[in-house]
Protein chains: 2
Amino acid sequence: MGESNAATPRERYRAQVRTEIKEHAWEQIATAGASALSLNAIAKRMGVSGPALYRYFAGRDELITELIRDGYRSLADTLRAAAADGADLSGLAHALRGWALEDPHRYFLLYGTPVPGYHAPDDTTAISSEIMATLLDACAGLTQEAPAAPFAAHLEEHRGWAGDHPAPPAALHLAMSFWTRMHGVLSLELAGHFTGMRIDPAQLFAAELDDLLRQRSA
Amino acid sequence: MGESNAATPRERYRAQVRTEIKEHAWEQIATAGASALSLNAIAKRMGVSGPALYRYFAGRDELITELIRDGYRSLADTLRAAAADGADLSGLAHALRGWALEDPHRYFLLYGTPVPGYHAPDDTTAISSEIMATLLDACAGLTQEAPAAPFAAHLEEHRGWAGDHPAPPAALHLAMSFWTRMHGVLSLELAGHFTGMRIDPAQLFAAELDDLLRQRSA
DNA sequence: AAAGTTTCGTTAGAAGCTATCACGAAACCT
DNA sequence: AGGTTTCGTGATAGCTTCTAACGAAACTTT
């Protein structure tokens, strides 16, 4: 998961229990969502009693924060693996959608309604930058130099969100548009807003992606 | 709010208390979000004790369902008022963003992470269709007949989501794209994903809207 | 190997929440 | 004025997070 290499056997055991707790937490999140995550229920399923978990996590908020961090890590790895397999921007889009459909509640944990008691550690913004970097790698080849919209200049000015990735302004703009548009259709699909409408989310996603790729590139 | 006209004074009083409860609930939601909504806290602020509220709402879920219904009603009214004032699609976009920024937690209550114990009543889908109808009114004039993409045909097939609005397929496609794209940027902005990036959400929103309007119309 | 120290898991408890029940009191209708 | 409905209350069960105190197990040091 994350912290595996340990010096003392104590830390080794501690890390093992931590990941076991997180596994149960993910299972619970996938079932009923993050709002229904209960330390007590996790303890019960682990055959251990209530407050024992507080030796491993300061509280519910710290556990959720850790889960969010692992979630970002999982997404970043998934996208990077897809890119390594030669996926273009379209391939990344489908990798993203596949990852989201795999566990909708996990997607909402990262990109849905913010969790009240949670404040993002610097760690996650770094992983987020990593995600943006793989996006930008795929965008770099697709854009023409040409337009240079006024907003692209603003994006170039603060390119810290992409880890100072050396991409042309048009690529920055494309990556940002990719993110917001894919998130738009995906989050509405996962929330079930299309089921009542009898609309096929896959077709809508494909159409939105197609429209995004048509204007730029080619 | 909703149920104002009452026959008997009993029903009048009942309706008044219900709206008072909802007002406190909105206040609480605007402060700490829907997940922190507590019937007990509402009762305490109303100077009444605990279970008294169960005379007016069957439970937390019914209250939240009612709030969601009122939220949709509020958004539909806001957009319709803007349209009546002569707002075009761009105007509707800014009306939507203004409404969302006015109370971010309200937006997330409608379009964010789905609430576990809640199932949308038929009522809200009707209001949702009303929202789509005002969107389609603004889209009808902007589109050329031309393209007729394969996805637009699918949208035309099930046009129930727009209340069977008599708009050309291209307009249906534009309205759907408008919805998903505006939601994409808005939800990420409201969740605070841009603040860490030093990106101006207003400029991103404007750029996304501009891009949406440029390809169609003109 | 024995003693000391740290860490673990337990039970007990405070404070909060949703929700149900039974009862007295107020308001309404006849 | 009397009968019925509705309201608000306190009590109670069961759930939650989280703190505190204690015994036992495990690791470290002598």
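This structure is a prediction, so every number in the text was calculated from the model and none was measured. Here is the naming used below: chain letters follow the sequence lines, and residue numbers restart at 1 for every chain.
- Here the C1' atom of nucleotide D:dC18 and the CG atom of A:Leu37 are 15 Å apart, to the nearest Å.
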Under 3.5 Å, N/O pairs linking protein and nucleotides 5-8 of chain D:
| from | atom 1 | to | atom 2 | distance (Å) |
| --- | --- | --- | --- | --- |
| D:dG8 | OP1 | B:Tyr13 | OH | 2.9 |
| D:dG8 | OP2 | B:Tyr56 | OH | 2.6 |
| D:dG8 | N7 | B:Arg55 | NE | 3.2 |
| D:dG8 | O6 | B:Arg55 | NH2 | 2.4 |

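- Looking at which nucleotide of DNA chain C each of B:Asp61 and A:Gly50 is closest to, the 5′-most match is held by A:Gly50.
- When all heavy atoms of A:Leu79 and A:Leu92 are compared, the pair lying nearest together is O-CD2, 3.5 Å.
- Counting to the nearest Å, the C1' atom of D:dT19 and the CG atom of A:Leu39 are 14 Å from each other.
- In this structure, A:Arg73 does not pair ionically with A:Glu66, as no charged nitrogen and carboxylate oxygen lie closer than 4.0 Å.
- Straight-line distance from the CD1 atom of B:Ile64 to the C1' atom of C:dT18: 12 Å, rounded to whole Å.
- Summarising the geometry, the separation between CG on A:Leu53 and P on D:dT19 is reported as 13 Å, rounded to the nearest angstrom.
- Nearest heavy atoms, B:Ala171 versus B:Leu136: O-CD2, 3.5 Å.
- Heavy-atom distances to DNA chain C give each of B:Tyr54 and B:Pro9 a nearest nucleotide, and the one nearer the 5′ end belongs to B:Tyr54.
- For the pair B:Thr124 (side chain) and B:Ala120 (backbone), a donor-acceptor distance under 3.5 Å is absent.
- Residue B:Ser38 places at least one side-chain N or O closer than 4.0 Å to OP1 or OP2 of C:dT18.
- The distance between atom CG of B:Leu63 and atom C1' of C:dC17, rounded to the nearest whole Å, is 15 Å.
- Counting to the nearest Å, the P atom of D:dT12 and the CG atom of B:Asn40 are 17 Å from each other.
- Proximity of the aromatic rings of B:Phe194 and A:Trp179 is defined here by a centroid distance below 6.0 angstrom, and this criterion is met.
- Salt bridge status for A:Arg45 with A:Glu27: absent, with no side-chain N to carboxylate O gap under 4.0 Å.
- Residue B:Glu11 contributes atom CD, which lies 13 Å from atom P of C:dC28 at whole-angstrom precision.
- Not one N or O on the side chain of A:Arg198 forms a donor-acceptor pair closer than 3.5 Å with the backbone of B:Arg159.
- In this entry the distance linking NZ of A:Lys44 with P of D:dT17 reads 10 Å, nearest Å.
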